[in-house]
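Some notes on the structure that comes next.
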Amino acid sequence: MTDDVQGRIVALIPAAGQGTRLGLDRPKAFVELDGQTLLNRSIDAVRASGVVDQVVVIVPPELVDDVRARFPEVSVVAGGAERSDSVRAGLAAADPDTELVLVHDAARALTPPALFARVVEALRGGAGAVVPGLPVTDTLKRVDDTGVVIDTPNRAELRAVQTPQGFTAELLRRAHASAADATDDAGLVEALGEPVVVVPGEARAFKITTPFDLRLAELLCGTPDVVEPDPEEQPS
Ligand code: CTP
Ligand code: MG
């Protein structure tokens, strides 16, 4: 746990999505991976990081009572139609004296606890907004509605960003004061013209989105972390 001098840290875990692309019979965060739900695994990872004082999970309205009973030590609130509505609902439930906020997708169920600490370290170093990111390995194309390529962004400048994304509470509240939607919270901060810093991400923090991702997560469960070569020494 953090000490009070440095201010309190809350983790918001949005888990209110339907999981349409996964296509199972329940909301994605309630799907099991080797006997534990994605939500359960994400709560455990946040707590194992040791850097968070309060955990707020945001779930579909009909599951609030169930989740409260199952996880008495976390705050549980009902989510909204879009991810950003859910994050706003979670932010409203954060302690008023919160200094830093981490927002972490329940769907990134295999995220190593150390990644939370890395993001907090960058915030403690003075950044207002921090996202984990990995270099992209595929060449990416921008395409029009008909599937014709418009252009090819320079891959060296691109990062695939993950969660936990970290913010000062003041900045995240300001970013969410508008009714805007974005696929990540950093996008709302960028829209304010405020800087967002990227720190190294983790391959295991990938988002379980499709049936293939769930299979991959099943295969990775219980396997040790892979040690990657130093990216500085790799060709892009
Ligand atoms: N999320 C949320 N509230 C929403 C939509 C999404 O809390 N209205 C959460 C999801 O539960 C997930 C995270 O945001 O943990 C990332 O969203 P995504 O991967 O898109 O999950 P879903 O929206 O559930 O999936 P899909 O888009 O395939 O329906
Ligand atoms: Mg979604």
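What's counted below: heavy atoms across the whole structure, side chains too, no hydrogens, waters or symmetry copies. Just so it is clear, the structure is predicted and the values come from calculations on it, not from any experiment.
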Could you tell me which non-hydrogen atom of [X] sits nearest to which non-hydrogen atom of [Y], and how far apart they are?
{"X": "P14", "Y": "V103", "result": "CG-CG1, 3.9 Å"}
{"X": "L115", "Y": "G201", "result": "CD1-CA, 4.3 Å"}
{"X": "P113", "Y": "S49", "result": "O-CB, 3.4 Å"}

So [Y] and [X], do their side chains get closer than 4.5 Å, heavy atoms only?
{"X": "V31", "Y": "R26", "value": "yes"}
{"X": "F167", "Y": "R173", "value": "no"}
{"X": "P132", "Y": "V198", "value": "no"}

*Run through V46, L12, V10 and flag the one making a side-chain contact (heavy atoms from CB on, under 4.5 Å) with V55.*
V46

_Taking the basic N atoms (NZ, or NE/NH1/NH2) and the acidic carboxylate oxygens, is any pair closer than 4.0 Å for R47 and D44?_
no

*Do you know which of K28, R83, K207 makes side chain to side chain donor-acceptor pair (under 3.5 Å) with D105?*
R83

*Partners of D144 by side chain to side chain donor-acceptor pair (under 3.5 Å), sequence neighbours excluded?*
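D144 satisfies side chain to side chain donor-acceptor pair (under 3.5 Å) with T146 once adjacent residues are dropped.
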
*So, Q54 versus S75: side-chain donor-acceptor pair below 3.5 Å or not?*
yes

*Is it true that the side chains of D95 and T98 contain a donor and an acceptor less than 3.5 Å apart?*
no

